[in-house]
Engineer: 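Here you go, one structure.
For ligands, and for the atoms within them, numbers begin at 1 and follow the listed sequence. Note that the structure is predicted; figures quoted are calculated from it, not measured. Values below: all heavy atoms of this structure, side chains included; hydrogens, waters and symmetry mates excluded.
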Amino acid sequence: MTKITTPDILERLVSLCKRRGFIFQSSEIYGGTGSVWDYGPLGVELKKNLKDRWWNSMVRMRDDIEGLDAAILMHPRVWEASGHVGGFVDPLVDCRNCKKRFRADEPRIKGTPGTPEAQCPVCGMKGTLSEPRQFNLMFKTFMGPVEDTAATVYLRPETAQGIYVNFLNVQQSTRQKVPFGIAQIGKAFRNEITPGNFIFRTREFEQMEMQFFVEPGTDMQWFDYWKEQRMRWHQSLGLDPARLEFHEHTKDELAHYARRAFDITFDFGGTLGFQEIEGVHNRGDYDLSRHQEYSGKKLEYFDQPNNRRFLPYVVETSAGADRTVLALLVNGYREEEVAGEEEGRTVLALHPSLAPIKAGIFPLVKKDGMPEMATRIANDLRPYFPVFHDESGAIGRRYRRQDEVGTPFCITVDGQSVADGTVTVRDRDTLRQERIAADRLRDYILERVVA
Ligand code: GAP
């Protein structure tokens, strides 16, 4: 197996993702939009499978978490209450000469920005960098026909706030009792100053967030519980446990809302190394108390058995769907030699439950009833999982094309199939072939692709 370093992997993944229809640059024919990506036919399936696994484990499999789909646009006061209008900022410097912008802590800047010695890392001029100024990462737009400050609304920078403002709606309509959680998956937007590394840091992305409401005093227990649960979930996706680690936030790293926080980090290798894919935060009663203050509406929970009211604390789990997709791609990408063959193969070793296509179906040759039987099998299996039916080219090449997109099984219809109703099933990872009755295919594959 050839070992590939991360800069290479990212380059090769960008190329594979475009060539095979996983991910395209947004508005590519216009030269592209900065750090925004579109998911193609295979990418949308992969990301959907990931989101389904999250939703199943967080909502469907539990009776103490409810689902929600709150709107992206919210009342502008939400973002004052949440602290994002005042606190969601990065220090930014401009170069007066080349007009480029950087985060003030950009390591390539030599000297202190705003002083004559400071040197622009792009054009190399000295003394042209401005003093750092605070730059808010929220995208603004206008609601209604008048574009003035009174009509300003924001694209949400996290999905969490939609959950807090609906806390009592969900609790009262479902009659849940604390402790319980609310989960949602949705788009978030941040005008990042230094986006990049493909889909690692983008300006439009999807989050999978869950806020767990608990009685004050029990928050650290729940925090530890969720930390472990979330790590286990990432391992269950097939991410190599040796590439997953916790990173606890220092006082300086803690977000404005957090009492304590751990990142679950994945080793992307190369220059990226270990990076956050999910945050687990103890947010205390910061959010509910701020919304209570700013809205003037009580958000207390009524604890009926004890006849008392209190403001719950929140333990949050916040994962990035796109960043986890990137971790899955990096984790699964391999270039391998194949014994007895000159050409090696590229494999995307995705967990079968996440693979966009579950089975490739091929007639060995285009005659003697094989294409007809392959078509019948494809039509029989299609209602149960995505399949790809391919009749063209050498069989080895058809296998290779499926390996490269992570298809766990390839079914081949040969001369014997037509005679006795059996087919061969090739396993992507072991390359072993098994002959089974065609009418067992559905169960055989379902058993292996359902998480
Ligand atoms: N509600 C808490 C929150 O938003 P965060 O640590 O800022 O916490 C959570 O974000 C997750 O969202 C991150 O672990 C990451 O996976 C994803 N994320 C954040 N910013 C991102 C960006 N610009 N591009 C892609 N994913 C991002």
Engineer: Do me a favour and list the nearest non-hydrogen protein atom to atom 6 (O) of ligand 1 with residue, atom name and distance?
Structural biologist: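 Looking only at protein heavy atoms, the one closest to atom 6 (O) of ligand 1 is Glu276 OE2, 2.8 Å.
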
Engineer: Please list the nearest protein heavy atom to atom 9 (C) of ligand 1 with its residue and the distance rounded to 0.1 Å.
Structural biologist: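 The answer is Ser318 OG, 3.0 Å.
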
Engineer: Just checking, any donor-acceptor pair under 3.5 angstrom between side chains of Tyr313 and Glu215?
Structural biologist: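 Result is no, nothing qualifies.
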
Engineer: Going by distance alone, is a donor N or O of one side chain under 3.5 Å from an acceptor N or O of the other, for Glu253 and Thr250?
Structural biologist: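 Side chains of Glu253 and Thr250: pair found under 3.5 Å.
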
Engineer: Please determine if Arg398 and Asp390 form a salt bridge, counting it only when a charged side-chain N lies under 4.0 Å from a carboxylate O.
Structural biologist: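 Asp390 and Arg398: not salt-bridged.
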
Engineer: For atom 17 (C) of ligand 1, grab the closest protein heavy atom and report residue, atom and distance to one decimal in Å.
Structural biologist: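 Checking every protein heavy atom, the shortest distance to atom 17 (C) of ligand 1 gives Gly320 CA, 3.7 Å.
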
Engineer: When you measure from atom 25 (C) of ligand 1 to every protein heavy atom, which one gives the shortest distance, and what is it?
Structural biologist: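 Sorting protein heavy atoms by distance from atom 25 (C) of ligand 1 puts Phe200 O, 3.2 Å first.
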
Engineer: Side-chain donor-acceptor pair under 3.5 Å between Glu209 and Gln184, yes or no?
Structural biologist: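 No, no side-chain donor-acceptor pair sits under 3.5 Å.
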
Engineer: Numbering the atoms of ligand 1 from 1, which are under 4.0 Å from a heavy atom of Glu278?
Structural biologist: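 Taking each heavy atom of Glu278 in turn, ligand 1 has 14 (O) under 4.0 Å.
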
Engineer: Quick one: nearest non-hydrogen protein atom to atom 26 (N) of ligand 1, plus distance?
Structural biologist: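 Sorting protein heavy atoms by distance from atom 26 (N) of ligand 1 puts Phe205 CD1, 3.6 Å first.
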
Engineer: Under 3.5 Å between some N or O of ligand 1 and some N or O of Glu209?
Structural biologist: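 So ligand 1 has an N or O lying under 3.5 Å from an N or O of Glu209.
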
Engineer: Say whether Tyr384 and Arg442, considering side chains only, have a donor N or O and an acceptor N or O under 3.5 Å apart.
Structural biologist: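 On atom types as modelled, these side chains qualify, holding a pair under 3.5 Å.
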
Engineer: For ligand 1, does Tyr257 get within less than 4.0 Å through its side chain, its backbone, both, or neither, judged by non-hydrogen atoms?
Structural biologist: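 Under 4.0 Å from ligand 1, Tyr257 contributes side-chain atoms alone.
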
Engineer: Would you mind telling me if ligand 1 is within reach of the side chain of Arg283, the backbone, both or neither, using heavy atoms under 4.0 Å?
Structural biologist: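 Side chain only.
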
Engineer: Side chain or backbone, does Arg201 bring an N or O within less than 3.5 Å of an N or O on ligand 1?
Structural biologist: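 For ligand 1, there is no N or O atom that lies under 3.5 Å from one belonging to Arg201.
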
Engineer: Salt bridge or not between Glu28 and Lys18? Use side-chain N to carboxylate O under 4.0 Å.
Structural biologist: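 Salt bridge present between Glu28 and Lys18.
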
Engineer: Identify the protein heavy atom lying closest to atom 7 (O) of ligand 1, giving its residue, its atom name and the separation to 0.1 Å.
Structural biologist: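 So the nearest neighbour among protein heavy atoms is Arg190 NH1, 2.9 Å.
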
Engineer: When the ring planes of Tyr444 and Phe409 are compared, do they come out parallel, tilted or perpendicular, using 30° and 60° as the limits?
Structural biologist: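 Answer is perpendicular, since the angle exceeds 60°.
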
Engineer: Does the N or O separation between Ile199 and ligand 1 drop below 3.5 Å for any pair?
Structural biologist: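 No, since none of the N or O atoms of Ile199 sits under 3.5 Å from an N or O of ligand 1.
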
Engineer: Under 3.5 Å, is there a donor-acceptor pair linking the side chains of Thr33 and Ser27?
Structural biologist: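 Yes, because at least one side-chain N or O of Thr33 sits under 3.5 Å from a partner of the opposite role on Ser27.
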
Engineer: Does ligand 1 have any atom sitting under 4.0 Å from a heavy atom of Thr202?
Structural biologist: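 Thr202: in contact with ligand 1 (<4.0 Å).
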
Engineer: Looking at ligand 1, is there an atom of it that comes within less than 4.0 Å of some heavy atom belonging to His281?
Structural biologist: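 So His281 counts as touching ligand 1.
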
Engineer: At a non-hydrogen distance cut-off of under 4.0 Å, which region of Ile277 contacts ligand 1 (side chain, backbone, both, or neither)?
Structural biologist: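 The answer is the backbone of Ile277.
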
Engineer: Show which atoms of ligand 1 fall inside a sub-4.0 Å distance from at least one heavy-atom site of Glu158.
Structural biologist: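 Every atom of ligand 1 under 4.0 Å from some heavy atom of Glu158: 1 (N), 2 (C), 3 (C), 4 (O).
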
Engineer: Can an N or O of Ala160 be found at a distance shorter than 3.5 Å from an N or O of ligand 1?
Structural biologist: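 No.
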
Engineer: Working note: Lys358 + Val387, criterion side-chain contact (heavy atoms from CB on, under 4.5 Å); need CA distance, chi angles, decisive distance, verdict.
Structural biologist: CA-CA 6 Å; Lys358 307 302 182 195; Val387 297; 5.8 Å; no

Engineer: State whether Arg283 and Glu158 are salt-bridged, where the test is any N-O pair (Lys NZ or Arg NE/NH1/NH2 against Asp/Glu carboxylate O) under 4.0 Å.
Structural biologist: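 Answer for the salt bridge query: yes.
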
Engineer: Please state which protein non-hydrogen atom is closest to atom 12 (O) of ligand 1 and give its distance, to 0.1 Å?
Structural biologist: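 Closest protein heavy atom to atom 12 (O) of ligand 1: Gln207 NE2, 3.3 Å.
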
Engineer: How many angstroms lie between CG in Leu137 and CD1 in Ile193, if you round to the nearest 0.5 Å?
Structural biologist: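 It comes to 6.0 Å.
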
Engineer: Could you list which atoms of ligand 1 come closer than 4.0 Å to a heavy atom of Glu316?
Structural biologist: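 Near Glu316, the atoms of ligand 1 are 1 (N), 2 (C).
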
Engineer: Using non-hydrogen atoms of the residue, decide whether Arg156 is closer than 4.0 angstrom to ligand 1.
Structural biologist: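 So Arg156 does not count as touching ligand 1.
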
Engineer: Less than 3.5 Å apart, any donor N or O on the side chain of Gln161 or His84 sitting next to an acceptor on the other?
Structural biologist: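 No, His84 and Gln161 have no side-chain donor paired with an acceptor closer than 3.5 Å.
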
